[in-house]
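What follows is one structure encoded as structure tokens, with my remarks underneath.
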Amino acid sequence: MAHLTFDEAEQRELRDAARTEFPGNPALAYVLENLASEGIDLDQCRDWDELRAEKGLPEQNDGAPHVA
């Protein structure tokens with residue numbers, strides 16, 4: 001896979017959006033600011049089914065609401 005990074009202008013836009021759009025949620029703003037500066041290592045991404053199994057959650061069925 002790859003490592004997704006943002007150029008300086010995109011980083012600035014992500015940081016500004018994080019601060020402007022989520023002033024009441026500093027944790028979410030932090031995650032978005034970190035994403036802007038660090039990028040995303042796509043090799044480390046996992047799908048929902050793997051995360052659910054790791055946390056001991058039941059398998060998702062078609063009748064259940066799709067929430068994380």
Side-chain angles (χ1 to χ4, degrees):
M1 290 230 175
H3 189 94
L4 177 65
T5 57
F6 301 97
D7 66 29
E8 289 183 29
E10 291 171 321
Q11 289 179 23
R12 201 169 27 258
E13 289 176 19
L14 282 170
R15 286 188 186 106
D16 291 345
R19 293 178 189 132
T20 303
E21 299 297 324
F22 304 104
N25 191 340
L28 183 54
Y30 171 80
V31 168
L32 292 175
E33 287 189 35
N34 191 51
L35 172 66
S37 63
E38 301 294 324
I40 303 169
D41 183 356
L42 298 175
D43 290 329
Q44 298 298 319
C45 293
R46 298 183 294 162
D47 65 26
W48 282 113
D49 292 331
E50 183 179 336
L51 292 170
R52 291 175 71 80
E54 179 182 300
K55 299 295 181 186
L57 298 171
E59 290 185 23
Q60 187 172 348
N61 63 41
D62 290 336
H66 297 280
V67 294

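Residue numbers run from 1 in the order of the sequence given. Keep in mind it's a predicted model, so treat the numbers as computed, not measured.
E54 contributes atom CD, which lies 6.0 Å from atom CG of L51 (distance to the nearest 0.5 angstrom). Remark: T20 OG1 to E13 CD distance equals 11.5 Å, nearest 0.5 Å.
Partners of A27 under the side-chain contact (heavy atoms from CB on, under 4.5 Å) rule, at least two apart in sequence or in another chain, are N25. E8 is linked by a salt bridge (charged side-chain N to carboxylate O under 4.0 Å, His left out) to nothing, counting only residues two or more places apart in sequence or in another chain. Taking E50 as the reference, R46, D47 meet the side-chain contact (heavy atoms from CB on, under 4.5 Å) condition, with sequence neighbours excluded. Judged as a side-chain contact (heavy atoms from CB on, under 4.5 Å), and not counting sequence neighbours, the contacts of L57 are R52, K55. Scored by the side-chain contact (heavy atoms from CB on, under 4.5 Å) test, E38 finds N34 as partners (sequence neighbours excluded).
Taking both residues in full, the closest heavy atoms of R15 and S37 are given as NH2-CB, 3.2 Å, listed atom of the first, atom of the second, then distance.
At a threshold of 4.5 Å between side-chain heavy atoms, the hydrophobic network of Ile, Leu, Val, Met, Phe, Trp and Tyr places L4 and L14 in one connected group.
Sorted by first then second residue, the salt bridge (Lys or Arg N to Asp or Glu O under 4.0 Å) pairs that include residues 18-33, not counting sequence neighbours, are R19-E33.
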